[in-house]
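Structure first, then comments.
We use all heavy atoms of the structure for the numbers below, so side chains are in, but hydrogens, waters and symmetry mates are not. Residue indices begin at 1 and follow the sequence shown.
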Amino acid sequence: MSNVLTRPEAAPNQHGAHASVRVGNAVVLEARISTKGLLAVAAIVTSAVLGSAAIVLAARHGRDAPRPLPDDRQR
């Protein structure tokens, strides 16, 4: 058995993305995703970023809002 790792070459008509990560000499991680899958991941990331921005804006707006006046029973 040889220590040389071969990577299969992508066919020219294939669409999508391919990623390889090599950690040291023993670990190789490979991933492939189609164009539709890549767009789905982009949509999920976009919604997460926009959602967190809305939460931050709401939190900042709530912090800057004037405090309600205490009612007569709390005095």
When rounded to the nearest 0.5 Å, the distance separating CD1 of I44 from CG of L39 is 11.5 Å
Are I33 and V45 joined in one hydrophobic group, where the rule is that I, L, V, M, F, W and Y side chains link up if heavy atoms are under 4.5 Å apart? yes
Heavy-atom pair with the smallest gap, counting every atom of L38 and A17: CD2-CB, 4.3 Å
Quick one: side-chain contact (heavy atoms from CB on, under 4.5 Å) partners of L29, sequence neighbours excluded? V21, V27
